[in-house]
Amino acid sequence: MEPHRWLPLEANPDGFFFLFQFLKQLGIHPDWQFVDVYGMEPELLSMVPRPVCAVLLLFPITEKYETFRTEEEERIKAKGQDVKSSVYFMKQTINNACGTIGLIHAIANNRDKMNFETNSSLKKFLEDSLSMTPEERAKYLETYEAIRVTHESSAHEGQTEAPSIDEKVDLHFIALVNVGGHLYELDGRKPFPINHGETSDDSFLEDAIEVCKKFMERDPEELRFNAIALSAA
């Protein structure tokens with residue numbers, strides 16, 4: 001059976017217009033907004049409105065990264081890690097859906113902070129899927145038309161012409177969130193969340209950016225990295 005495939009979302013490091021549209025179309029009040037992180041130095045991080053409840057990282061999937069990902073998975077399976085049961089995590093079974101899944105991870109793990117419209121399609125998806133496994137959530141998303149339609153609408157509203165649905169895309173989104181005082185990396189291509197250690201509401205942005213820096217250090221020749229923060233409006 002052919003895998004499910006959606007249109008790739010805008011992956012232009014100069015702007016992520018689709019995310020602003022996404023929040024609005026999914027029925028989330030504008031108490032929170034996505035803002036660009038213009039740099040990883042303290043003075044540039046100080047420009048990001050606080051509090052920050054999630055960071056999305058866009059990065060290239062390269063041979064070096066794939067080697068690291070395999071080694072990381074084997075290491076964690078051997079040593080184990082602590083992952084709180086309250087972490088909302090879903091697998092990615094739809095090609096080109098990483099932007100949408102990153103946004104779902106960001107919102108789902110901060111749903112107590114979000115104000116949803118009464119008829120919010122994302123609120124219903126989260127309520128329906130809360131008791132599901134990561135694999136069941138992925139299957140549910142495959143059939144959830146309201147989010148698919150919103151995704152494709154956003155893909156057409158980017159800064160550039162929407163690419164072909166069959167185009168190979170080597171850029172990928174992940175979410176970094178604070179759940180119960182621990183910083184988790186949520187990537188639907190991985191078998192489980194990655195616990196990056198302790199964090200706090202006050203230090204979360206700086207802690208998340210340290211994780212982003214590690215991605216960059218693994219591929220020093222690459223320039224295609226961008227971080228955006230979900231912060232208070």
Side-chain angles (χ1 to χ4, degrees), residues 6 9 11 16 19 22-23 26 28 32 34 37 51-61 65-66 68-70 72-73 75-77 80-114 122 125-126 129-142 144 147 151 171-201 203-205 207-216 218 225-231:
W6 289 358
L9 289 173
F16 291 89
L19 286 172
F22 230 150
L23 291 180
L26 291 174
I28 299 173
W32 294 84
F34 280 105
V37 177
V52 171
C53 70
V55 170
L56 294 187
L57 174 67
L58 176 72
F59 66 96
I61 295 176
Y65 174 72
E66 291 292 77
F68 167 79
R69 184 168 69 95
T70 301
E72 178 188 56
E73 180 179 336
R75 183 174 65 253
I76 291 174
K77 284 180 176 177
Q81 65 171 346
D82 176 42
V83 175
K84 294 183 183 298
S85 60
S86 54
V87 175
Y88 183 104
F89 175 67
M90 66 185 297
K91 295 286 290 174
Q92 180 179 342
T93 55
I94 304 169
N95 289 345
N96 301 327
C98 60
T100 292
I101 290 172
L103 184 142
I104 291 173
H105 278 145
I107 300 297
N109 287 288
N110 291 285
R111 57 190 180 278
D112 58 320
K113 303 181 181 75
M114 301 293 147
L122 181 54
F125 178 86
L126 296 180
S129 63
L130 207 54
S131 61
M132 296 179 181
T133 67
E135 292 76 19
E136 289 170 341
R137 290 165 182 162
K139 290 296 180 185
Y140 187 40
L141 183 62
E142 290 177 4
Y144 203 82
I147 291 181
H151 171 104
L171 292 172
H172 186 60
F173 283 100
I174 61 168
L176 299 168
V177 298
N178 171 14
V179 179
H182 281 257
L183 197 164
Y184 292 96
E185 172 193 333
L186 304 176
D187 179 350
R189 294 178 71 237
K190 294 185 175 182
F192 35 67
I194 308 297
N195 186 338
H196 284 284
E198 294 184 357
T199 189
S200 68
D201 290 342
S203 68
F204 170 70
L205 176 60
D207 295 337
I209 291 303
E210 287 303 311
V211 175
C212 296
K213 287 179 180 178
K214 292 176 182 176
F215 277 76
M216 299 172 70
R218 282 191 288 269
F225 293 91
N226 198 63
I228 43 179
L230 182 56
S231 65

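The neighbour count for Glu72 CD, taken as heavy atoms of other residues, nucleotides or ligands under 6.0 Å away, is above 12. Within a 6.0 Å radius of NZ in Lys190, more than 12 heavy atoms belonging to other residues, nucleotides or ligands are found.
Judged by distance alone, the side chain of Ser129 and the main-chain N or O of Met132 form no donor-acceptor pair under 3.5 Å. When atom types are taken as modelled, the side chain of Trp32 and the backbone of Cys53 share no donor-acceptor pair closer than 3.5 angstrom. A donor-acceptor pair is defined here as one N or O able to donate and one able to accept, closer than 3.5 Å; no such pair exists between the side chain of Tyr88 and the backbone of Ile104. Proximity of a side-chain donor or acceptor of Arg137 to a complementary backbone N or O of Leu126 within less than 3.5 Å is not detected.
With a 6.0 Å cutoff to the six-membered ring centre and a 45° limit on the axis angle, Arg218 does not count as a cation-pi contact of Phe59.
With contacts defined as side-chain heavy-atom distances shorter than 4.5 Å, the pair Met114/Leu122 does not qualify. Side-chain atoms of Leu141 and Phe125, non-hydrogen and from C-beta on, do get closer than 4.5 Å to each other. Using a 4.5 Å cut-off on side-chain heavy atoms (C-beta onward), Leu183 and Phe204 make contact. Annotation: side chain of Leu186 is in contact with side chain of Val87 (closest heavy-atom distance under 4.5 Å).
Smallest separation of non-hydrogen atoms from Pro193 and Val83: CG-CG1, 4.0 Å.
Partner of Val55 under the side chain to side chain contact (heavy atoms under 4.5 Å, CB included) criterion, chosen from Leu205, Asp207, Ile174: Leu205.
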task: Could you walk me through whether Glu66 and Arg69 pass salt bridge (Lys or Arg N to Asp or Glu O under 4.0 Å), step by step?
output: CA-CA 5 Å; Glu66 291 292 77; Arg69 184 168 69 95; 2.9 Å; yes
field: Evaluation steps, side chain to side chain contact (heavy atoms under 4.5 Å, CB included), between Leu230 and Ile107
entry: CA-CA 9 Å; Leu230 182 56; Ile107 300 297; 3.9 Å; yes
- request: Report the C-alpha distance between Leu103 and Leu26 in whole Å, list the side-chain angles of each, state the deciding distance to 0.1 Å, and finish with yes or no for side chain to side chain contact (heavy atoms under 4.5 Å, CB included).
  value: CA-CA 11 Å; Leu103 184 142; Leu26 291 174; 3.8 Å; yes
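Ring orientation note: the planes of Phe89 and His105 are close to parallel, at an angle under 30° on the 30°/60° scale. Note: Tyr140 and Tyr144 have perpendicular aromatic rings, judged against thresholds of 30 and 60 degrees for the angle between ring planes.
No close placement of the Phe215 and Phe225 rings is indicated, their centers lying 6.0 Å or farther apart.
Applying the side-chain hydrogen bond (donor to acceptor under 3.5 Å, both in side chains) rule to Asn195 yields the partners His182; only residues at least two apart in sequence or on another chain are considered.
For the pair Arg189 and Glu73, the salt-bridge criterion is not met [side-chain N within less than 4.0 Å of a carboxylate O].
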